[in-house]
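Inspection log for the structure reproduced underneath, given as structure tokens.
Reminder, nothing fancy here: chain letters follow the sequence lines and each chain counts from 1.
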Number of protein chains: 2
Amino acid sequence: MRKGRVTLKDIAVKLNLSPSTVSRALNDHPAIGDSTKKAVKRLAEVLDYQPNPMALGLLQKKSHTIGVIVPEITSHFFSAIITGIQDVVGPTQYNIMICISNESFEEEVTLVKKLSRMRVDGILVSPASGTKSFEHFQNLQKNEIPVVVFDRDCPGLDSDKVLVDDYSGAYQAVEYLIHSGCKKIAHLGGPLNLSTTKHRMQGYLDALEKNNMPIRKEYIQHVQGFSHNDGLKPAKKLLNQTDVPDAIFAINDNIATSAMHIAKKNGLRIPEDISIVGFDDEPHSTYFSPSLSTVWQPVYSMGMLSARILLKRLKDNNVAKNFREEIFKPELVVRASSK
Amino acid sequence: MRKGRVTLKDIAVKLNLSPSTVSRALNDHPAIGDSTKKAVKRLAEVLDYQPNPMALGLLQKKSHTIGVIVPEITSHFFSAIITGIQDVVGPTQYNIMICISNESFEEEVTLVKKLSRMRVDGILVSPASGTKSFEHFQNLQKNEIPVVVFDRDCPGLDSDKVLVDDYSGAYQAVEYLIHSGCKKIAHLGGPLNLSTTKHRMQGYLDALEKNNMPIRKEYIQHVQGFSHNDGLKPAKKLLNQTDVPDAIFAINDNIATSAMHIAKKNGLRIPEDISIVGFDDEPHSTYFSPSLSTVWQPVYSMGMLSARILLKRLKDNNVAKNFREEIFKPELVVRASSK
DNA sequence: TTGTAAGCGTTATCAA
DNA sequence: TTGATAACGCTTACAA
């Protein structure tokens with residue numbers, strides 16, 4: 001009695017009832033008398049009864065837990081998505097297990113296995129930049145664990161998806177640079193196999209082409225990761241050539257700051273000599289000098305929608321086989337780092 | 001058979017064994033024959049058997065889950081701590097459930113209840129800035145859930161603690177400002193009831209006093225939250241008075257950037273007219289212009305140690321009643337925002 | 001309106 | 001060396 005938590009049985013004994021009656025009373029079963037219901041609920045309250053989720057889970061073959069796999073949490077981008085997810089899932093019966101893959105395919109696979117072993121009811125995932133194959137996600141689906149992919153697409157994977165029109169965001173940014181008079185627009189692209197990298201790159205290329213601007217290979221560099229340091233070397237390559245670009249469209253805000261750093265170091269004035277545009281609209285980007293022009297994405301909404309789609313699927317017992325694909329529109333935000 | 005996951009029983013049936021034998025074989029019980037062990041393990045491998053953690057949890061009254069409560073995850077500070085925790089806990093049998101209180105006492109209480117209901121085996125927590133009472137943590141302890149507090153102290157709460165010598169960090173920073181010739185050193189403090197706020201403030205006050213500098217009330221302002229925007233108003237109050245400070249020691253890097261922002265706007269040169277020092281050493285602080293002087297904290301180590309202490313306690317069945325209190329030393333990092 | 005009993009998947013105890 | 005059984009806490013037919 002002193003040991004361990006209060007159980008249904010404890011309440012049953014104290015009230016001279018059977019555990020099943022207590023269970024039904026707490027679950028507002030119609031066949032239970034009002035007086036017993038009240039008595040049970042009162043005692044449960046007093047004893048601070050908390051149903052054991054493991055017993056429930058075992059019985060219902062559900063963990064009531066949703067796994068969330070993100071590449072990292074330091075950026076506002078992913079942490080805002082997580083906030084969106086939490087705000088939707090929080091009020092429900094589900095718990096969230098946040099896992100960080102550190103942009104590593106291997107860690108992602110490990111996490112997926114772990115979550116699968118845990119019997120999570122569903123998974124929200126934005127794949128690592130190193131992720132090229134999606135077997136691990138398909139294994140989840142084989143185990144009837146629904147997967148919702150967000151932000152970074154997994155081409156070929158049949159699942160619900162909540163994405164951003166990266167192509168449009170990039171196109172907007174580059175077309176704006178063109179219209180502002182830039183003639184030599186460079187691109188600092190992301191890790192090569194990411195869908196976001198590809199789509200933004202395509203937006204960049206198409207914007208140039210549609211505006212009859214030449215595509216110059218030496219104006220395209222790719223970073224290996226998304227942190228400031230990852231951008232320094234590629235930015236140097238871009239800015240240390242004889243025919244210096246007069247604009248850089250960067251894969252994200254961090255990399256844009258790498259470009260700003262190198263540009264300043266090389267004595268270039270921003271935006272007079274070179275315009276710089278990022279992607280993501282990280283909060284602190286506003287406070288750099290000059291403040292960074294960038295492409296905003298509806299991150300919070302993405303998180304919420306991803307969670308809602310998963311919850312709906314769980315509610316419907318994962319029967320619907322028609323997967324949803326939702327695509328959000330990003331928006332260019334012009335600040336002081338561009339003309 | 002087709003439905004649901006592979007269980008011990010499935011394996012047992014296929015091999016004409018009893019479930020208990022299979023269980024023992026998988027757990028390398030000495031009394032099981034080598035040949036059966038091999039057969040069982042092989043089949044388990046083939047069938048991709050994954051033990052059901054809920055069954056185990058029910059039996060052992062353990063969830064094998066550790067709850068982590070942090071006020072936010074956007075700062076490098078907390079996300080690095082989380083990384084430290086993950087790196088220690090990841091290789092063990094335990095899972096981590098990361099929860100974000102959004103600096104709100106109410107949300108923190110809700111999270112604690114949720115984790116308690118979940119039967120987490122232990123909790124690592126850094127309290128919200130709104131948290132003044134610690135009953136919710138004491139309730140956990142009553143339920144024999146060990147609590148390790150990190151970074152932000154809970155005065156009066158008996159538990160393991162992993163803290164930083166904020167006093168020393170602040171003292172170092174302010175004394176350095178004094179030695180560099182600043183005469184009018186202001187402080188942008190944090191939310192009032194946080195231990196970190198108090199200790200850094202005391203370090204600031206003592207450094208002034210020990211160096212025979214006057215303490216001027218009008219040079220002390222407090223922010224309500226830790227984001228850039230929270231710092232703008234207090235920074236204005238500090239910098240829009242007639243006798244403008246020639247140095248600001250800010251509670252963290254975000255707030256320091258608020259001060260930088262207002263200082264620049266007011267036409268002050270940094271560091272010629274005013275020195276600014278932050279706290280936390282956020283990675284992007286290096287890339288502001290001028291790069292920010294700040295106080296570094298061993299965040300990753302803090303996360304690792306907190307996790308290790310909790311794991312140790314779990315291993316020892318939470319018997320030891322002598323709580324550990326570990327205090328890390330922070331270090332001043334001088335960059336370009338100060339003389 | 002309430003109680004009984006079975007079962008979810010696993011391990012530990014006892015017996016064989 | 002292995003098997004049968006009970007137990008963990010809960011829900012749900014089925015019975016009363």
Side-chain angles (χ1 to χ4, degrees), chain A residues 1-41 43-44 47-65 93 116-121 143-144, chain B residues 1 3-41 43-44 47-65 93 116-119 121 143-144:
Chain A
M1 181 104 329
R2 277 272 78 56
K3 281 250 119 192
R5 307 277 192 110
V6 179
T7 72
L8 277 187
K9 213 174 150 192
D10 295 333
I11 300 182
V13 168
K14 295 215 185 187
L15 292 175
N16 265 322
L17 289 168
S18 74
S20 48
T21 305
V22 175
S23 165
R24 283 185 278 237
L26 289 172
N27 292 316
D28 265 327
H29 194 284
I32 300 293
D34 272 354
S35 56
T36 34
K37 255 186 206 174
K38 254 177 213 155
V40 167
K41 284 185 181 173
L43 188 58
L47 298 180
D48 191 25
Y49 167 72
Q50 301 174 326
N52 185 322
M54 277 146 357
L56 241 175
L58 185 56
L59 197 59
Q60 305 178 168
K61 293 172 188 282
K62 287 197 177 175
S63 63
H64 299 286
T65 299
Q93 56 174 331
S116 168
R117 264 205 312 276
M118 284 189 59
R119 269 80 171 162
V120 290
D121 297 338
N143 277 326
E144 306 196 9
Chain B
M1 181 100 337
K3 282 245 124 198
R5 307 275 192 110
V6 179
T7 71
L8 277 187
K9 213 175 150 191
D10 295 334
I11 300 182
V13 169
K14 294 216 183 184
L15 291 177
N16 265 323
L17 290 168
S18 75
S20 44
T21 305
V22 175
S23 167
R24 282 185 280 237
L26 290 171
N27 291 317
D28 266 328
H29 194 284
I32 300 292
D34 272 354
S35 58
T36 33
K37 256 186 204 172
K38 255 177 213 155
V40 167
K41 284 185 181 172
L43 188 58
L47 297 179
D48 190 25
Y49 166 73
Q50 301 173 326
N52 186 323
M54 276 140 6
L56 241 176
L58 185 55
L59 197 59
Q60 307 179 170
K61 293 175 189 280
K62 288 198 176 175
S63 63
H64 299 284
T65 298
Q93 56 173 332
S116 168
R117 267 204 310 275
M118 283 188 62
R119 269 82 170 161
D121 297 338
N143 278 325
E144 306 195 9

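Of the listed nucleotides (D/dG9, C/dT10, C/dG3), D/dG9 has the atom at the smallest distance from the side chain of A/Ala55. Which of C/dT2, D/dT11, D/dG9 sits closest to the side chain of A/Leu56 comes down to D/dT11. The listed nucleotides are C/dT2, D/dC10, C/dT10; the one nearest the side chain of A/Leu8 is D/dC10. The side chain of A/Ser18 has C/dG3 as its nearest neighbour among D/dT12, C/dG3, C/dT2. Listed nucleotides: C/dG3, C/dG9, D/dT2. Nearest to the side chain of B/Asn52: C/dG9.
With salt bridges taken as basic N to acidic carboxylate O contacts below 4.0 Å, one links B/Asp28 and B/Lys41. Remark: B/Asp121 does not engage B/Lys61 in a salt bridge, criterion side-chain N to carboxylate O under 4.0 Å.
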Legend entry - A/Ser18/A/Thr21 under side chain to side chain donor-acceptor pair (under 3.5 Å): CA gap, chis, key distance, verdict: CA-CA 5 Å; A/Ser18 74; A/Thr21 305; 3.0 Å; yes
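A straight line from CG of A/Asn16 to C1' of C/dG3 spans 13 Å, rounded to a whole angstrom. What separates CG of A/Leu59 from C1' of C/dT10 is a distance of 15 Å, to the nearest Å. Per the geometry, NZ belonging to A/Lys62 stands 15 Å off P belonging to C/dG9, to the nearest Å. Distance CE (A/Met118) to P (C/dG9): 17 Å, rounded to an integer number of Å. Between the CG atom of A/Asp28 and the P atom of C/dT1 there is a distance of 14 Å, rounded to whole Å. Per the geometry, NE2 belonging to A/His29 stands 13 Å off C1' belonging to C/dG3, to the nearest Å. Rounded to whole Å, the distance from CG on B/Leu58 to P on D/dT11 is 12 Å. Whole-Å rounding puts the B/Gln60 CD to C/dG9 P distance at 17 Å.
Comparing B/Gln50 and B/Arg24 by the nucleotide of DNA chain C whose heavy atom lies nearest to each, the residue mapping closer to the 5' end is B/Gln50. Between B/Pro19 and B/Arg119, the one whose closest nucleotide on DNA chain D sits nearer the 5' end is B/Pro19.
Considering only heavy atoms from C-beta on, B/Tyr49 stays 4.5 Å or farther from B/Asp10 through its side chain. Counting only heavy atoms from C-beta outward, the side chains of A/Leu56 and B/Met54 never approach each other to under 4.5 Å.
For A/Ser20 against C/dT4, a side-chain N or O and a base N or O form a donor-acceptor pair under 3.5 Å.
Taking only side-chain nitrogens and oxygens, A/Lys61 never comes nearer than 4.0 Å to OP1 or OP2 of C/dG7. Note on A/Thr36: every side-chain N or O is 4.0 Å or more away from OP1 and OP2 of C/dT1.
B/Asp34 comes within 4.0 angstrom of no nucleic acid atom, judged by non-hydrogen atoms across all strands.
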